[in-house]
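Values below: every heavy atom of this structure, side chains too, minus hydrogens, waters and symmetry copies.
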Amino acid sequence: MAKKSKIARELQRQAVVERYAEKRAKLKAEGDYIGLQKLPRDASPVRLHNRDKVDGRPRGYLRKYGMSRIRFRELAHKGQIPGVRKASW
């Protein structure tokens, strides 16, 4: 489980990106790179990091399912992910 502070910080970053998205797009279209530099660093969507929705794990993230590889494996073994079956031979 990730620290609560890390998860909260990521949520703050998402909010800042959403807040400045329109302004960033306008400045980029105009080619005003000085204006872009004056925006907060966290306003850039590049600074966002995908995290597991359940426990906040930042690594081993599977985009298709929105969770980490570890959580995916646990839920797949229990049969709780629709359309996913364990391969066996």
Side-chain angles (χ1 to χ4, degrees):
M1 176 92 186
K3 289 169 48 175
K4 301 282 185 191
S5 60
K6 292 286 188 180
I7 296 170
R9 185 71 186 141
E10 193 64 32
L11 292 174
Q12 277 184 327
R13 278 197 184 108
Q14 288 176 358
V16 172
V17 166
E18 290 172 11
R19 190 178 329 138
Y20 285 97
E22 197 173 304
K23 190 171 186 177
R24 278 185 60 82
K26 189 179 114 186
L27 290 171
K28 266 187 148 176
E30 294 172 357
D32 184 8
Y33 298 108
I34 295 171
L36 277 171
Q37 287 177 346
K38 291 182 181 178
L39 293 178
R41 281 189 175 185
D42 284 345
S44 174
V46 172
R47 290 177 66 93
L48 293 177
H49 196 88
N50 291 327
R51 286 184 173 271
D52 187 325
K53 300 285 187 242
V54 179
D55 64 2
R57 182 179 167 84
R59 296 184 179 196
Y61 180 83
L62 302 173
R63 284 185 182 186
K64 184 175 180 180
Y65 300 99
M67 63 183 80
S68 69
R69 61 185 176 79
I70 297 166
R71 177 81 45 206
F72 175 81
R73 189 165 185 263
E74 288 173 3
L75 295 177
H77 281 304
K78 293 177 185 175
Q80 294 178 348
I81 303 174
V84 175
R85 284 182 41 196
K86 182 181 181 298
S88 58
W89 53 89

field: Which residues share a salt bridge (Lys or Arg N to Asp or Glu O under 4.0 Å) with D32, sequence neighbours left out
entry: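 By the salt bridge (Lys or Arg N to Asp or Glu O under 4.0 Å) rule, D32 matches no residue at all.
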query: Which pairs pass salt bridge (Lys or Arg N to Asp or Glu O under 4.0 Å) with one or both residues in residues 14-23, sequence neighbours excluded?
result: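 Pairs touching residues 14-23 that pass the test: none.
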Give every donor-acceptor pair under 3.5 Å between a side-chain atom in residues 33-49 and any protein atom, sequence neighbours left out.
| unit_1 | atom_1 | unit_2 | atom_2 | d |
| --- | --- | --- | --- | --- |
| D42 | OD1 | R13 | NE | 3.2 |
| D42 | OD1 | R47 | NE | 2.8 |
| D42 | OD1 | R47 | NH2 | 3.3 |
| D42 | OD2 | R9 | NH2 | 2.7 |
| S44 | OG | V46 | N | 3.4 |
| H49 | NE2 | P58 | O | 3.1 |

- prompt: Excluding sequence neighbours, so at least two apart, what forms side-chain contact (heavy atoms from CB on, under 4.5 Å) with K3?
  reply: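 For K3 the side-chain contact (heavy atoms from CB on, under 4.5 Å) partners, ignoring immediate neighbours, are S5, K6.
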field: Residue list, side-chain contact (heavy atoms from CB on, under 4.5 Å) with K53, at least two apart or on another chain
entry: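 Residues passing side-chain contact (heavy atoms from CB on, under 4.5 Å) with K53: Y61.
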query: Under 4.5 Å between side-chain heavy atoms, hopping through other hydrophobics if needed: is there a path connecting L11 to V17?
result: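 Looking at the clustering, V17 is in a separate group from L11.
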Report, one line per pair, each donor and acceptor closer than 3.5 Å where one atom sits in a side chain of residues 67-76; sequence neighbours left out.
| unit_1 | atom_1 | unit_2 | atom_2 | d |
| --- | --- | --- | --- | --- |
| S68 | OG | D52 | OD2 | 2.9 |
| S68 | OG | R71 | N | 3.4 |
| R71 | NH1 | E74 | OE1 | 3.3 |
| R71 | NH2 | D55 | OD2 | 3.0 |

Minimum heavy-atom distance A2-G56, with the two atoms named: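 The pair with the smallest heavy-atom distance is CB-O, 3.4 Å.
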